[in-house]
Amino acid sequence: MRLPDLWYQDEVPVLLCRGADKPLRLRLPPGLAETLWSRRDQPGGPRWNAVQRCWQAPAPRLGAMASQILRGAGQLWLVQPLVGAEAPGCALPGKPCACATLETGELARAQRSRWCEVTDSFEDHDGPEPLLCRLFRAG
């Protein structure tokens, strides 16, 4: 798979982060934006960019946006620069990975709504910078 194929599909939300100094870009399946953001005037909330045909949000909102989309859609493609990705492969940005510190029984008892897993990933080296693309699914 390549990033353009991922970006233009309409089934799974895509959150693209190109760095802390650039806005987040979001591609959402039809109707999901209205479900996630019923109030468009929320401070720091996403705004529609008609030129690029995607939603945009401030980069510092990466963790909050990823969590909100994952809660609403159940899955999310997160695309970040391969060098300096803000989270290990099994964690959302801003959410520390607890896999290595939990016993099997503890993990089974944890609230499933707080967990997610990476079910697919690939690297894209076709653009100006290599990107890491990971598919997160809610637990």
Any side-chain heavy atom of [X] within less than 4.5 Å of one from [Y]?
X      : Y      : value
Leu131 : Glu123 : no
Leu132 : Asp124 : no
Trp48  : Arg53  : yes
His125 : Leu82  : yes
Arg18  : Leu16  : yes
Leu135 : Val12  : yes
Leu6   : Cys133 : yes
Leu15  : Met65  : yes

(message) Closer than 4.0 angstrom, basic N to acidic O: yes or no for Arg134 and Asp120?
(response) no

Would you name the heavy atoms of [X] and [Y] that are closest together and state the gap between them?
X      : Y      : value
Cys54  : Arg27  : CB-CD, 4.1 Å
Pro46  : Ala57  : CA-CB, 4.2 Å
Leu70  : Ala138 : CD1-N, 3.7 Å
Gly19  : Pro81  : N-CG, 4.4 Å
Phe122 : Leu3   : CE1-N, 4.2 Å

(request) Determine, stepwise, if the pair Leu78 / Val118 fulfils side chain to side chain contact (heavy atoms under 4.5 Å, CB included). (result) CA-CA 10 Å; Leu78 179 61; Val118 176; over 6 Å; no

Report the distance from atom [atom1] of [X] to atom [atom2] of [Y], rounding to the nearest 0.5 Å.
X     : Y     : atom1 : atom2 : answer
Leu24 : Cys17 : CG    : SG    : 5.5 Å
Arg25 : Trp55 : CZ    : CH2   : 16.0 Å
Arg61 : Ser67 : CZ    : OG    : 10.5 Å

(request) Any side chain to side chain donor-acceptor pair (under 3.5 Å) involving residues 5-16? Give me the pairs, sequence neighbours left out, ordered by first then second residue. (result) none

(request) Give the C-alpha distance, both sets of side-chain angles, the deciding distance and a yes or no for side-chain hydrogen bond (donor to acceptor under 3.5 Å, both in side chains) between Gln75 and Arg137. (result) CA-CA 4 Å; Gln75 56 188 348; Arg137 292 190 193 271; 2.3 Å; yes

(request) Report the C-alpha distance between Ile69 and Leu26 in whole Å, list the side-chain angles of each, state the deciding distance to 0.1 Å, and finish with yes or no for side chain to side chain contact (heavy atoms under 4.5 Å, CB included). (result) CA-CA 10 Å; Ile69 294 168; Leu26 302 98; 3.2 Å; yes

